[in-house]
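Below is one structure, written out as structure tokens; comments come after it.
Throughout, numbering of the chain's residues begins at 1 and tracks the sequence.
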Amino acid sequence: METFHNPDRFMSDLRQVLSQGRKRIGILVGAGAPLAIRVNDKNEIDPNGKSLIPGVEALTLQATSGLTEIQTKAVEAIKASLGSTANIESVLSRIRLLEQALGNTKVEGLDSEEYKQLGKDICKKISEIVGVYLPKERNAYSDLIAWITGTVRSNSVEIFTTNYDFLFEEAFERVRSPYFDGFSGGSKPFFDPVSVAGDDLPARWAKLWKMHGSLGWALEDGAVIRGHGREAAELVYPDHLKYDLTQKQPYSALFERLKRFLLTPDSLLLTVGFSFRDAHICAVLDESLAMNANTAVLAFQYQDLAKEEPAVKLASDRPNLSVYAADGAVIGGVPGKWRPGELPKNWGSIRESFWAARWPKGPNQFLLGDFAAFARFCALAQANDLIAQSLKRDEPDRSDDETQGSGIIEVQLKEGQK
């Protein structure tokens with residue numbers, strides 16, 4: 001029997017949680033987030049412009065261009081050997097392997113030290129590409145910060161991001177909203193793992209955790225410091241060494257913070273723009289969800305369920321992880337297509353914020369896998385205080401093959417099937 005999920009029920013409950021400020025909420029933001037912001041050549045918001053930061057394919061092309069002739073030849077040889085799997089991550093992985101293995105032997109004209117330099121040159125280009133500025137106009141990042149700052153909270157909102165850019169920092173600073181990123185000091189701010197582990201800050205302070213490092217980080221005397229603008233970049237670059245690097249400070253403290261958040265009772269983690277292809281982050285999610293049944297993760301994915309295999313697989317193993325994709329969802333470990341019910345009273349404009357056509361003349365689908373739509377939904381949660389009981393009262397009974405019940409947060413998304 002085919003199962004259907006009604007998005008209105010789940011979004012009603014989530015909207016209430018977002019508007020109340022009582023629950024401990026974290027947001028995991030991946031590389032897909034900046035793709036939702038499109039700008040013109042003047043860095044102004046333009047729906048017909050290019051993405052603020054490119055996707056993996058474009059990033060691969062840009063980061064491997066402008067090299068010397070012999071470096072370009074080596075990169076093209078690597079791409080050819082990798083075939084369809086060639087992207088910036090796999091290319092850098094191969095470069096690291098060659099750097100470690102060759103010594104004085106030359107492959108495609110480069111020896112070990114020259115491959116090391118090639119890796120550095122590509123990583124420098126990555127830093128240049130992601131070192132963009134946030135548009136001055138209202139955008140997804142400012143919408144999300146508006147939601148964070150617009151409610152009196154019992155706990156700090158915690159943002160975990162794999163991105164290196166300064167977009168969140170700029171959004172917080174434009175509205176003079178305080179945040180803590182693990183660093184302390186004025187002249188050369190240093191990373192303090194003790195403060196990362198603690199919960200001593202006022203709830204009005206947001207917490208921003210750069211899981212893979214950031215622009216502006218530099219290594220001095222074996223310690224990571226912050227404050228070098230867009231020039232310095234001590235990052236966990238997307239290569240095969242990434243997992244090893246995350247076992248060192250400051251990364252070990254940041255990953256431990258994610259685990260601690262997930263193990264805290266009654267926590268809710270929302271993910272957006274995250275592909276679930278980061279093995280080390282997924283390992284933390286998997287372990288924590290297994291250990292703590294009283295936490296929940298809602299994964300908002302841009303594509304259809306069939307194309308979100310890593311997220312779907314984890315959701316099938318851990319029923320307290322739910323996947324909300326464009327055409328359907330996995331809720332309580334049960335996959336199903338979306339099927340909205342009859343339009344409840346006073347719900348039309350709210351439904352349009354999460355259920356509408358993504359493209360002109362396209363079919364209606366779930367929108368919140370798009371970072372811009374997700375941030376807008378969060379910001380609008382405070383505009384109208386919809387009571388879930390009103391939605392339940394106005395909605396007719398569902399047929400036997402549809403998911404029943406709401407209260408998604410209270411029951412950690414373990415929906416019963418009637």
Side-chain angles (χ1 to χ4, degrees), residues 1-15 30 32-38 45-51 55-57 140 143 270-276 298-313 315-316 321-381 384 386 391 394-404 406 408 413 415 417:
M1 180 182 296
E2 188 172 7
T3 299
F4 297 93
H5 299 301
N6 183 352
D8 296 312
R9 290 181 175 273
F10 303 107
M11 292 304 99
S12 172
D13 287 331
L14 178 60
R15 186 179 170 86
L35 287 171
I37 301 179
R38 308 192 74 84
I45 296 293
D46 182 354
N48 298 316
K50 63 180 181 180
S51 295
V56 174
E57 290 186 8
D143 280 344
L270 311 175
T271 79
V272 61
F274 182 65
S275 67
F276 283 82
L298 307 185
F300 296 96
Q301 304 302 113
Y302 185 82
Q303 303 180 99
D304 290 345
L305 274 180
K307 296 181 179 180
E308 299 288 356
E309 184 178 352
V312 169
K313 182 180 185 305
S316 299
L321 165 65
S322 292
V323 175
Y324 293 177
D327 65 334
V330 181
I331 299 173
V334 180
K337 295 293 185 181
W338 290 122
R339 179 190 284 179
E342 292 185 15
L343 191 65
K345 182 179 179 181
N346 301 324
W347 189 247
S349 61
I350 297 173
R351 177 187 280 181
E352 289 175 358
S353 68
F354 64 85
W355 183 261
R358 184 172 284 163
W359 312 109
K361 299 182 180 180
N364 286 347
Q365 56 188 310
F366 190 75
L367 301 177
L368 299 195
D370 182 293
F371 181 61
F374 171 83
R376 187 68 171 164
F377 181 84
C378 292
L380 290 173
N384 299 294
L386 183 81
L391 177 62
D394 293 331
E395 186 175 84
D397 291 338
R398 311 308 309 155
S399 60
D400 287 344
D401 62 346
E402 293 189 56
T403 301
Q404 300 294 307
S406 59
I408 58 169
L413 309 184
E415 290 293 309
Q417 301 291 319

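By the 4.5 Å heavy-atom criterion applied to side chains, F354 and L380 are not counted as neighbours. Under the 4.5 Å side-chain criterion, counting only non-hydrogen atoms from C-beta, R351 is in contact with P340. In this structure the side chain of L298 never reaches within 4.5 angstrom of the side chain of T271, judged on heavy atoms.
S51 places a side-chain N or O within donor-acceptor distance of the main-chain N or O of L35, the cut-off being under 3.5 Å. A distance-only check finds a donor-acceptor pair linking the side chain of E308 to the backbone of Q303 [under 3.5 Å]. In this structure, D143 contributes its side chain and A379 its backbone to no donor-acceptor pair below 3.5 Å. D327 places no side-chain N or O within donor-acceptor distance of the main-chain N or O of Q365, the cut-off being under 3.5 Å. Using modelled atom types, no side-chain atom of R15 and backbone atom of C378 make a donor-acceptor pair closer than 3.5 Å. Under the 3.5 Å distance criterion, the side-chain polar atoms of S12 are left unmatched by any main-chain donor or acceptor of R9. N6 places a side-chain N or O within 3.5 Å of a backbone atom of D8 that can act as its donor or acceptor partner.
Residues satisfying the ring-ring contact (aromatic ring centres under 6.0 Å, His included) test with F377, not counting sequence neighbours, are none.
Residues G369 and V272 come closest through the heavy atom pair O-CG2, 4.1 Å. In terms of heavy-atom proximity, A140 sits nearest to A372 at CB-CA, 3.7 Å. Nearest heavy atoms, G362 versus A357: O-CB, 3.3 Å. Across all non-hydrogen atoms, the minimal contact from G333 to V330 is C-CG1, 3.8 Å. Contact between G336 and L305 at its shortest, heavy atoms only, is O-CD1, 4.1 Å. Shown here for A373 and L368, the closest heavy-atom pair between the two residues is O-CD2, 3.6 Å.
Relative ring orientation between F374 and F300 is described as tilted, the plane-to-plane angle lying within the 30° to 60° band. Between W338 and W355, the ring planes lie perpendicular to each other; the angle is over 60°, past the 30° to 60° tilted range.
Interatomic distance, CE of M11 versus OH of Y324, reported as 4.5 Å (0.5 Å rounding). Rounding to the nearest 0.5 Å places NE2 of H5 at 11.0 Å from NZ of K337. Here the CD1 atom belonging to I37 is positioned 13.0 Å from the CG atom belonging to D46, to the nearest 0.5 angstrom. The distance from the CG atom of L14 to the CG atom of L270 is 6.0 Å, given to the nearest 0.5 Å. Distance check, rounded to the nearest 0.5 Å: OH of Y302 to NZ of K307 gives 10.5 Å.
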* Mind running side chain to side chain contact (heavy atoms under 4.5 Å, CB included) on F276 and K313 for me, showing each step along the way? => CA-CA 10 Å; F276 283 82; K313 182 180 185 305; over 6 Å; no
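Salt-bridge check for R358 with D370: failed, with every basic side-chain N at 4.0 Å or more from each acidic carboxylate O.
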